[in-house]
Amino acid sequence: MDLENKWPKPGEHPAVRTEAEEPSFRNALGSMELMYSVCSTAVILLPMDDEVTADKEYLSRGWCFFEFCIAFSSGNLANASVLPPEEQMCKKVAELKADTVEGFHKGFRATQFTSNGDRAVVTELFEQILKKKPRQ
């Protein structure tokens, strides 16, 4: 399903960015990986599993998968083992080896986006952050 054509245009709905905000948002996308990978930033996972439909579970959404993998890879998940859903997601990402380019791509193929152009942006951001990550 192509949700991009059903999404309100900038400024058409209060929950959607205005046309004036859109350029700033697009510019910020180029550094989104930093928000989840900087060691001083604790990332709290809130998947809200009971509020999403079966085909939209947290890790099936492209940006959520990306953000989770970056925070997991960086060791920044503050609540990784608090509840079973968070533990299950950590286990899945660990099994995929989604903190590597190959593992990320494997899991990422199954994700969906509202905006089709985001897939290329997210792929590039993930690879950028792994290049910056110190080797252990």
Who are the side-chain contact (heavy atoms from CB on, under 4.5 Å) partners of E87, not counting sequence neighbours?
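For E87, the residues satisfying side-chain contact (heavy atoms from CB on, under 4.5 Å) (neighbours in sequence not counted) are S81.
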
Derivation and outcome, ring pair (Phe, Tyr, Trp, His ring centres under 6.0 Å), residues F108 and F66:
CA-CA 8 Å; F108 191 58; F66 163 72; 8.0 Å; no

Could you report the tightest heavy-atom contact between A98 and F65, atom names first, then the distance?
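Closest approach of A98 to F65, heavy atoms only: CB-CZ, 4.2 Å.
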
Search all heavy atoms of C90 against all heavy atoms of L77 and return the closest pair with its distance.
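Where C90 meets L77 most closely, the heavy atoms are SG-CD1, 3.9 Å.
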
Would you give the length of the straight line joining atom [atom1] of [X] to atom [atom2] of [Y], rounded to the nearest 0.5 angstrom?
X	Y	atom1	atom2	answer
K92	Y58	NZ	OH	13.0 Å
D118	T123	CG	OG1	10.5 Å
S73	K97	OG	NZ	14.0 Å

Fit a plane to each ring of F104 and F126, take the angle between them on a 0 to 90° scale, and name the class: parallel (under 30°), tilted (30 to 60°) or perpendicular (over 60°).
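Parallel.
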
Side-chain contact test, heavy atoms from C-beta onward, threshold under 4.5 Å: evaluate it for R61 versus E67 and give yes or no.
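No, their side chains stay 4.5 Å or more apart.
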
Give a yes or no on whether the backbone of L45 and the side-chain of N79 come within a donor-acceptor separation of less than 3.5 Å.
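A pair under 3.5 Å: yes.
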
Would you check if the side chain of R119 reaches a backbone N or O of T111 as a donor-acceptor pair within less than 3.5 Å?
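Yes, R119 side chain to T111 backbone: donor-acceptor pair under 3.5 Å.
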
Tell me whether the count of non-hydrogen atoms from other residues, nucleotides or ligands lying under 6.0 Å of CD in E22 goes above 12.
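Check passes, neighbour count above 12.
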
